[in-house]
Asks: 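One structure, pasted below without further comment.
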Amino acid sequence: MTDVTTDSSTGQARANAELLREELVRDLREQGAIRSEAVAAAVATVPRHVFLPGETLAAAYAADNAPIVKSDGHGLTLSSVSAVHLQATMLEAAGIEPGMNVCEVGSGGYNAALMAELVGEHGRVTTVDIDPDITERARAFLDEAGYSQVEVVLADAEHGVPGRALFDRIIVTAGSWDIPPAWLEQLSAGGRIIVPLRLKGTTRWISFDRDHTGGLVSRGYGLCVFVPFQGAGSHAERSITMEDGVVLHLDDENVQLDAGALRAALHQPRIERWSGALFDMPDEQMLFLLTNDPAMALLYADQPVIDRELLARPALRGVPVLVGGDSFAYRAARPNDEMSSGYESGVYAHGPAAEDIADRYVGLLRRWADKYHRRGAASIQYLPELATPPVPSSGVITKRHGTVVVTWP
């Protein structure tokens, strides 16, 4: 990216920003985040630096920069401006057209300005946030950037914005554990929701359209990271500590785990099993693993645990782990020139039943590589609360207001 900084001359600063926006659009096209002329024009137009006053111009227009806007007293991020790469990806999935009525859940200002460009002078954009500091900030920056037509609402988005509905698009920019009934009620008949939805301890943006049953069906998805939802829609995820620095995360409150037995297994020598199947697209493979065995969870370890070689490096950022009583196995990879990706998938396993649980895991790895090695292989449905919910299975995830069903056709 061109090395330019804010100049004392307003005209020169404006020229620098325009140059950086042009480069940003080129970068996002090359990465595949921008695919349409409409989104390209919006990114090329909106002055992102106005919404990031503490950043240099170069940082403001970096595709993967997601500056923190507000943290709590413990350093936990409460609000951030999402990386423009992710914003562009989600806007492409939304398919916003001129004249639409659009709602954004989670206000930063910049994304709402992009939406205002997409809906045009005859469309409407509403952005809602629960935090008065964030809405005040968004309002000020939107006005400064020339987007006073965007309505900024201070409210708990769990209840939507009924006074502005019906919405053709609802785009959520906070990690949501569920889809509140109000969002469905305020979505138009042909509407679409783009939501970063928590699934089995991970977050994926999912583009949902209405289906004939009154629920939602996915048309696209991708791995992402967002600040968790606040207010009535917040949700504390279940975690189990195996040992200091080693934590299991799982959604299902009914799964019973013996932390003591797993701690003992952790200190037993590990075994390795290799699948003969390629290791590639780890995010897609992760979704498959998490939704094809009810005993799958996520295993996290901190750096000291890795340094002590209790667990291998894959656990540092979270890895699918298969738990069975007093034993567990987690995903691994090793170089293999015979694989098209250059890597072979496998597992590390600990505990008395390490052999059996490793074989079970390897079977899943082979099945994914044989049948589902591609982007977007899963179909994701959201079913509002039903009198007769789906039968529990690996791909059925029960939420507060409904059920998520992940299938692999």
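Scope of the values below: all heavy atoms of this structure, side chains included, with no hydrogens, waters or symmetry mates.
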Asks: Is a donor on one side and an acceptor on the other found under 3.5 Å between the side chain of Arg270 and the backbone of His267?
Replies: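 Looks like no, no N/O pair under 3.5 Å.
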
Asks: Give me the atom names and distance for the closest heavy-atom approach of Trp274 to Glu344.
Replies: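 Looks like CB-OE2, 3.3 Å.
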
Asks: So which heavy atom on Pro409 is nearest to which on Tyr372, and how close?
Replies: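 Pro409 and Tyr372 have their closest heavy atoms at O-CE2, 3.1 Å.
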
Asks: For the side chain of Arg210 and the backbone of Ser188, is there at least one donor-acceptor N/O pair under 3.5 Å apart?
Replies: yes

Asks: Quiz question: by atom type and distance under 3.5 Å, do the side chains of Tyr147 and Glu117 form a donor-acceptor pair?
Replies: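 Yes, Glu117 and Tyr147 have a side-chain donor paired with an acceptor closer than 3.5 Å.
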
Asks: Could you tell me whether Arg366 and Asp370 make a salt bridge, using a distance below 4.0 angstrom between a side-chain N and a carboxylate O?
Replies: no

Asks: If you look at every heavy atom in Val347 and Ala358, which pair is closest and at what distance?
Replies: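 Nearest pair, atom of Val347 first, then Ala358: CG2-CB, 3.8 Å.
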
Asks: Tell me whether the count of non-hydrogen atoms from other residues, nucleotides or ligands lying under 6.0 Å of CD in Glu136 goes above 12.
Replies: no

Asks: Could you tell me the separation between the NE2 atom of His49 and the CG atom of Leu57, rounded to the nearest 0.5 Å?
Replies: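 Going from NE2 on His49 over to CG on Leu57, the span is 6.0 Å.
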
Asks: Just by modelled atom types, is the Thr398 backbone N or O under 3.5 Å from a matching donor or acceptor in the Thr403 side chain?
Replies: no

Asks: Given Ile34, which of Leu24, Val84, Val43, Asp27 fulfils the side chain to side chain contact (heavy atoms under 4.5 Å, CB included) condition?
Replies: Val43

Asks: Please step through salt bridge (Lys or Arg N to Asp or Glu O under 4.0 Å) for the pair Glu23 and Arg21, ending with a clear verdict.
Replies: CA-CA 5 Å; Glu23 292 190 0; Arg21 286 199 294 277; over 6 Å; no

Asks: Are Val125 and Val119 close enough, and set up right, to give a side-chain contact (heavy atoms from CB on, under 4.5 Å), and what steps lead you there?
Replies: CA-CA 8 Å; Val125 176; Val119 301; 3.8 Å; yes

Asks: Closer than 3.5 angstrom, by distance alone: can the side chain of Asp337 be matched with the main-chain N or O of Gly342 as a donor-acceptor pair?
Replies: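 No, Asp337 side chain to Gly342 backbone: no donor-acceptor pair under 3.5 Å.
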
Asks: Given side-chain contact (heavy atoms from CB on, under 4.5 Å), test Trp368 with Gln285 step by step and report yes or no.
Replies: CA-CA 7 Å; Trp368 180 81; Gln285 188 190 62; 3.8 Å; yes

Asks: I'd like a table of donor-acceptor pairs (distance under 3.5 Å, sequence neighbours excluded) in which one partner is a side-chain atom from residues 310-330, with atom names and distances.
Replies:
from   : atom 1 : to     : atom 2 : distance (Å)
Ser327 : OG     : Ala353 : N      : 2.8
Tyr330 : OH     : Ala312 : N      : 2.9

Asks: Could you tell me whether the side chain of Arg331 and the main chain of Pro282 form a donor-acceptor pair under 3.5 Å?
Replies: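 At least one qualifying donor-acceptor pair exists.
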
Asks: Indicate yes or no: at least one non-hydrogen side-chain atom of Phe229 is less than 4.5 angstrom from one of Arg198.
Replies: no

Asks: Do other residues, nucleotides or ligands put more than 12 heavy atoms under 6.0 Å from the CG atom of Asp307?
Replies: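 Result for CG/Asp307: enclosed.
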
Asks: Donor-acceptor pairs are to be reported for all side-chain atoms of residues 153-162 against protein atoms at under 3.5 Å, with residues two or more places apart or in another chain.
Replies:
from   : atom 1 : to     : atom 2 : distance (Å)
Asp156 : OD1    : Glu158 : N      : 3.0
Asp156 : OD2    : Ala232 : N      : 2.9
Glu158 : OE2    : His401 : NE2    : 3.0

Asks: Between Glu104 and Asn111, is there a side-chain donor-acceptor contact under 3.5 Å, judged purely by atom types and distance?
Replies: yes

Asks: Hey, are Trp408 and Thr291 close enough side-chain-wise for a donor-acceptor pair under 3.5 Å?
Replies: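 Present: a donor and an acceptor within the cut-off.
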
Asks: May I have the step-by-step check of side chain to side chain donor-acceptor pair (under 3.5 Å) for Thr135 and Ser107, ending in yes or no?
Replies: CA-CA 6 Å; Thr135 54; Ser107 299; over 6 Å; no

Asks: Quick one: closest heavy-atom pair of Gly402 and Asp178, and the distance?
Replies: N-OD2, 4.1 Å

Asks: Mark yes when over 12 heavy atoms from residues, nucleotides or ligands other than Glu338 sit less than 6.0 Å from its CD; otherwise mark no.
Replies: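 Open: at most 12 neighbouring heavy atoms sit under 6.0 Å from CD of Glu338.
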
Asks: Among side-chain atoms of Glu92 and Ser36, is any donor-acceptor pair under 3.5 angstrom?
Replies: yes

Asks: Less than 3.5 Å apart, any donor N or O on the side chain of Tyr300 or His249 sitting next to an acceptor on the other?
Replies: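 The criterion, which ignores hydrogens and geometry beyond distance, is not satisfied for His249 and Tyr300.
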
Asks: Any side-chain donor-acceptor pair under 3.5 Å between Arg169 and Asn101?
Replies: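 Not at all, the side chains of Arg169 and Asn101 share no donor-acceptor pair under 3.5 Å.
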
Asks: Less than 4.5 Å apart, any side-chain heavy atom of Ile206 and any of Leu199?
Replies: yes

Asks: Is it true that the NZ or CZ of Arg204 lies under 6.0 Å from the centre of Tyr221's six-membered ring and within 45 degrees of the ring axis?
Replies: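 The answer is no, since Arg204 fails at least one limit relative to Tyr221.
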
Asks: If you compare all heavy atoms of Leu278 against all heavy atoms of Ala369, which two are closest, and at what distance to 0.1 Å?
Replies: CD2-CB, 3.7 Å

Asks: Between Ala113 and Val46, which heavy-atom pair has the shortest distance, and what is it?
Replies: CB-CG1, 3.7 Å

Asks: Quickly, which of Asp168, Asp209, Asp211 forms a salt bridge (charged side-chain N to carboxylate O under 4.0 Å, His left out) with Arg192? Name it, please.
Replies: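 Option passing the salt bridge (charged side-chain N to carboxylate O under 4.0 Å, His left out) with Arg192: Asp209.
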
Asks: Strictly distance-based, threshold 3.5 Å: is any side-chain N or O of Ser218 a donor or acceptor partner for the main-chain N or O of Ile380?
Replies: yes

Asks: Just say parallel, tilted or perpendicular for the rings of His235 and Trp177, cut-offs at 30° and 60°.
Replies: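 Rings of His235 and Trp177: parallel, as their planes differ by under 30°.
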
Asks: Within the 3.5 Å criterion, strictly below it, is a donor on His373 or Glu284 matched to an acceptor on the partner's side chain?
Replies: no

Asks: Among Ile179, Leu383, Leu197, which residue satisfies the side chain to side chain contact (heavy atoms under 4.5 Å, CB included) criterion with Val404?
Replies: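 Of the listed options, the one satisfying the test is Leu197.
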
Asks: Counting C-beta onward and ignoring hydrogens, is there a side-chain heavy-atom pair between Leu266 and Glu243 closer than 4.5 Å?
Replies: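 Yes, at least one pair of side-chain atoms sits under 4.5 Å.
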
